[in-house]
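For reference, the structure is listed below as structure tokens.
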Amino acid sequence: MKKLISILAAVVLGALLIGNCQKQRTIDRLTEQTATLPTSQMAAVSVAENKVVSKVRQTDGSVKAKVQYVPPEGKVEITQPVEGVAQVKVKRAGFTFRPAVQGLAGDGLKIGLGARLVYFNRYGAGFGITHEIEPYLFADRRIDDMVGLFKNTTIGVFGGPHAAGVLVSVYF
């Protein structure tokens, strides 16, 4: 049974990494595209569904578009100097405290309460306690780019002194 769980956890991690690479290629292609702005504007920024699309007029007159993912824990900061090009900074990594209800599949099905403590883009890590008062650590990934309906849901792997396996988290 432990081999099956290990194989399942490896497959889940592999699928997440492949999905992330494909999504990043798509974002890079969109980022490289040039855009248009009315001649009276130096920059335009739009935020929708955890994405920031910034169009900035460069010093040579061309307009460059950039698409960036913003995790729910992150933030966007727009700076417009008196002279020069506007800058958009996205905080995509850091510390947080996001509580969640988690379903764990290891040596059996369990329910846990956990909290995400660190994040980097769509990935995060934290700790939790099962309904049997057993502690565990976990690493997870948001699935909002794969399944558009679940904005606050992640899948990942967990491990502790008594069990290891895969988990699904729903954040508050």
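For clarity, every value in this text was computed on a predicted model and none was experimentally measured. Just so it is clear, the values below take in all heavy atoms, side chains as well, and ignore hydrogens, waters and symmetry mates.
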Qualifying residues under ring pair (Phe, Tyr, Trp, His ring centres under 6.0 Å), relative to Y136, sequence neighbours excluded: F158
side-chain contact (heavy atoms from CB on, under 4.5 Å) partners for K75, two or more places apart: K91
For F172, all residues meeting side-chain contact (heavy atoms from CB on, under 4.5 Å), sequence neighbours excluded: P99, V101
Any side-chain heavy atom of [X] within less than 4.5 Å of one from [Y]?
X	Y	result
K51	S46	no
R122	D144	yes
R92	F120	no

From N121 atom CG to Y69 atom OH, the distance as rounded to the nearest 0.5 Å: 7.5 Å
Straight-line distance of L109 CG to T130 OG1, nearest 0.5 Å: 12.5 Å
Counting only pairs under 3.5 Å, give me each side-chain donor-acceptor contact of residues 160-169, with atom names and distances, residues two or more places apart or in other chains.
from	atom 1	to	atom 2	distance (Å)
S169	OG	Q102	NE2	2.9

Residue list, side chain to side chain donor-acceptor pair (under 3.5 Å) with R116, at least two apart or on another chain: E73, D140
From CA spacing to verdict: side chain to side chain contact (heavy atoms under 4.5 Å, CB included), I129, L113: CA-CA 6 Å; I129 296 177; L113 291 176; 5.8 Å; no
Pairs involving residues 126-136, ordered by first then second residue, that meet salt bridge (Lys or Arg N to Asp or Glu O under 4.0 Å) (sequence neighbours left out): K110-E132, K110-E134
Stepwise side chain to side chain contact (heavy atoms under 4.5 Å, CB included) check, F138 with V157: CA-CA 6 Å; F138 67 88; V157 295; over 6 Å; no
Audit row: V170, N152, side chain to side chain contact (heavy atoms under 4.5 Å, CB included) steps and yes/no: CA-CA 6 Å; V170 178; N152 62 343; 3.8 Å; yes
Within one Ile-Leu-Val-Met-Phe-Trp-Tyr cluster: Y171 and L104, side-chain cutoff 4.5 Å: yes
H131 (side chain) donor-acceptor with I111 (main chain) under 3.5 angstrom: yes
